[in-house]
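Atoms within each ligand, like the ligands themselves, are counted from 1 in listed order. All values reported here derive from a predicted model rather than from experimental measurement.
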Amino acid sequence: MIDRLGTDAVQGFLEDTSNLKSGWSPGVFFPESCEEAAGLLRSAVADGRRYMVAGNGTGTTGGRIPFGDYIIAMHRLNHIGEVEQTDEDTAILRVQGGALLQDVQAKAAASGWHYPPDPTEKTCFIGSTIANNSSGSRSFRYGPTRKHVRAIRIALPQGDLLEIERGRYLADSEGRFSLELPIAGQLSFMRPDYGMPSTSKHNAGYWSAPGMDLVDLFIGSEGTLGIILEAELQLRKAPEQVIACIVWFLTEDDLFAFIDKARSGASGVAPRAIELFDRNALEFLRQSYPEVPRNTAGAIYFEEETTRENEEGCLEAWMTLMEECNAPADLTWAALDAVGLTRLRDFRHQLPVQVNEWLRRQSETKVSTDMAVPDGQARQLYELYRDACEAEGFTCIIFGHIGNAHLHLNILPKNREEFDRAKRLYRKLVTEVIAMGGTLSAEHGIGKLKSEYLVLMYGEQGIREMVRVKKVFDPYLVLNIGNLIPTNFYEIET
Ligand SMILES: Cc1cc2nc3c(=O)[nH]c(=O)nc-3n(C[C@H](O)[C@H](O)[C@H](O)COP(=O)(O)OP(=O)(O)OC[C@H]3O[C@@H](n4cnc5c(N)ncnc54)[C@H](O)[C@@H]3O)c2cc1C
């Protein structure tokens, strides 16, 4: 195993895309085997160390940034196995946690298979996407990462290595899990006792549901319960082809009528992604895409999987929908082949990338939301954000996964006074979204940036439930302290 100590060695690990800048660490370890990773945790208490797990730093919530902890970097655990077909329509692929998502997707594609989770940023590690239950645009059809993970191999905070296959450890009828481990011994505990929102995406806090699988407790736990070292991913047959379009609208009424019809499959459309750009997002993108039409109320990006036989019918169905919703046909950008698809996806991806790049040049950082509401309330969420920002006079953009009633609001403060006001507004928006039955985070997770707001969603008792489960696996609090659970709930010095 390689280890590097000192300020220079850790520099690259003190950031992600959150703009949190105050992290520090005495050193970083790069385990080269599962045993080495588990060994670090096994001796953590004796060595007087706490650890923060680092993926590739594309996270948006400061999750990998250490505040005095040593770093366990996943970069050398990057092996990708061979695709194994299990039946006509599915295959599995075993990978290590530090494998790049884009390499995993390429490996699957090379033999005609498809790994659906696609959190638009492809340079993330697969282990992080599992730790964060990442999703993205295709989740409209395929759901988040948890739906595509068959098994994980995890290093637990006391140093046990545990393989969890789906179906192996289920909560009993009362919600109790029981398992026996070589180091931690007999573990018997109840699943977290709280309800979850009825949104179609949710990634805030430990998963809990009747009869749940233990694997789902670890997926989305943001590294607080263990390190995801390996995973068995479920693949699907790759679609024959994919069509995509960006459709522009002159009024918000037409825009939302289109979203509703597309979601419900009107005219026979079957999108796998429905993404929104508001007027301001389009203005932002015009800086590098001058061809973006002017004076539109917003735009929708959609994708649908097609075959050579049904492609024409699909396009006709979409044209009908566009006509019904008054979308100017001459403005539409359509992609009917791989080159066009990449171009449109780049356009979609450039929005968060350019916002992040713009922010690096500013003195203030953005205030951004990742909240979702139950399906059917997407327009209310959009209007809540738009009206609140207009009333405050903020520069902001609204974009993202409208098919799942999940929108990112990015407020871009011009000065400290605006930043402070934006933070106050954020808290108010969280309260309102939760009152609508929504979630604090639909996909990015909580990390360090948002942990103080988690109590608004679960109440103090809900957070104590998370602490109870955390301490079952991590009684000495050595792993990813500061992520997800607000540290004041541990009643320790951090
Ligand atoms: C431009 C852009 C667009 C994005 N779009 C989306 C999107 O559409 N949907 C979406 O869901 N996300 C999106 N993201 C967020 C990000 O890509 C994901 O959260 C991703 O999973 C982070 O991966 P990473 O390897 O960079 O992790 P890091 O940022 O390094 O770490 C993230 C967290 O995971 C923990 N972690 C890392 N590896 C492990 C492991 N092996 N075991 C346990 N814990 C671990 C870390 O401790 C940390 O808490 C976007 C990011 C960017 C920059």
Stepwise side-chain contact (heavy atoms from CB on, under 4.5 Å) check, Ile446 with Ser451: CA-CA 6 Å; Ile446 301 299; Ser451 67; 3.9 Å; yes
Are [X] and [Y] close enough that their ring centers fall under 6.0 Å?
{"X": "Phe347", "Y": "Phe277", "result": "yes"}
{"X": "Tyr206", "Y": "Tyr194", "result": "no"}
{"X": "Phe394", "Y": "Tyr385", "result": "no"}
{"X": "Tyr301", "Y": "His401", "result": "no"}

Return the option from [options] holding the heavy atom at the smallest distance from [atom].
{"atom": "atom 41 (N) of ligand 1", "options": "Thr60, Leu351, Ile228, Val353", "result": "Ile228"}
{"atom": "atom 35 (C) of ligand 1", "options": "Thr17, Leu229, Val53", "result": "Val53"}
{"atom": "atom 45 (C) of ligand 1", "options": "Gly62, Ser134, Ala131", "result": "Ala131"}
{"atom": "atom 37 (C) of ligand 1", "options": "Ser128, Ala442, Ser18", "result": "Ser128"}
{"atom": "atom 52 (C) of ligand 1", "options": "His406, Glu443, Glu357, Glu121", "result": "Glu121"}
{"atom": "atom 15 (C) of ligand 1", "options": "Thr58, Leu484, Asp16", "result": "Thr58"}

Charged tip of Arg49 within 45° of Tyr70 ring normal and under 6.0 Å: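 Judged by the rule (NZ or CZ under 6.0 Å from the ring centre, within 45° of its axis), Arg49 counts as positioned above Tyr70.
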Could you list the atoms of ligand 1 found under 4.0 angstrom from a heavy atom of [X]?
{"X": "Gly226", "result": "43 (C)"}
{"X": "His401", "result": "8 (O)"}
{"X": "Arg64", "result": "30 (O), 31 (O), 48 (C), 49 (O)"}
{"X": "Gly223", "result": "43 (C), 44 (N)"}
{"X": "His444", "result": "6 (C), 10 (C), 12 (N), 13 (C), 14 (N)"}
{"X": "Gly136", "result": "8 (O), 9 (N)"}
{"X": "Thr129", "result": "21 (O)"}

Can you find an N or O of [X] that's nearer than 3.5 Å to an N or O of ligand 1?
{"X": "His349", "answer": "no"}
{"X": "Asn356", "answer": "no"}
{"X": "Asn483", "answer": "yes"}
{"X": "Asn56", "answer": "yes"}
{"X": "Gly127", "answer": "no"}
{"X": "Pro352", "answer": "no"}
{"X": "Gly63", "answer": "yes"}
{"X": "Met74", "answer": "no"}
{"X": "Ser137", "answer": "no"}

Would you please classify the geometry between the [Y] ring and the [X] ring as parallel, tilted or perpendicular, with 30° and 60° separating the classes?
{"X": "Phe218", "Y": "Phe473", "result": "perpendicular"}
{"X": "Tyr289", "Y": "Trp333", "result": "tilted"}
{"X": "Phe249", "Y": "Phe258", "result": "tilted"}
{"X": "Tyr453", "Y": "Tyr426", "result": "perpendicular"}
{"X": "His114", "Y": "Tyr142", "result": "perpendicular"}
{"X": "His202", "Y": "Trp207", "result": "tilted"}

In terms of residue, atom name and distance, what is the protein heavy atom nearest to [atom]?
{"atom": "atom 5 (N) of ligand 1", "value": "Thr120 OG1, 2.9 Å"}
{"atom": "atom 34 (O) of ligand 1", "value": "Asn132 ND2, 3.0 Å"}
{"atom": "atom 6 (C) of ligand 1", "value": "Pro119 O, 3.1 Å"}
{"atom": "atom 11 (O) of ligand 1", "value": "Ser135 N, 2.9 Å"}

[X] near ligand 1, heavy-atom distance under 4.0 Å?
{"X": "Gly57", "answer": "yes"}
{"X": "Gly59", "answer": "yes"}
{"X": "Ser221", "answer": "no"}

Candidates Val45, Ile481, Asn480 - the one meeting side chain to side chain contact (heavy atoms under 4.5 Å, CB included) with Arg50: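 Option passing the side chain to side chain contact (heavy atoms under 4.5 Å, CB included) with Arg50: Ile481.
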Proximity of Thr123 to ligand 1 by residue part, where a heavy atom lies under 4.0 Å: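 Neither part.
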Region of Met52 that comes within reach of ligand 1 [heavy atoms, distance under 4.0 Å]: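 Under 4.0 Å from ligand 1, Met52 contributes no heavy atoms.
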Is [Y] close to [X] at the side-chain level, that is, under 4.5 Å between some pair of heavy atoms?
{"X": "His408", "Y": "His444", "result": "yes"}
{"X": "Asp69", "Y": "Phe67", "result": "no"}
{"X": "Glu383", "Y": "Arg386", "result": "yes"}
{"X": "Pro144", "Y": "Lys201", "result": "no"}

Ionic contact status for Arg94 with Glu230, cut-off 4.0 Å: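 A salt bridge links Glu230 with Arg94.
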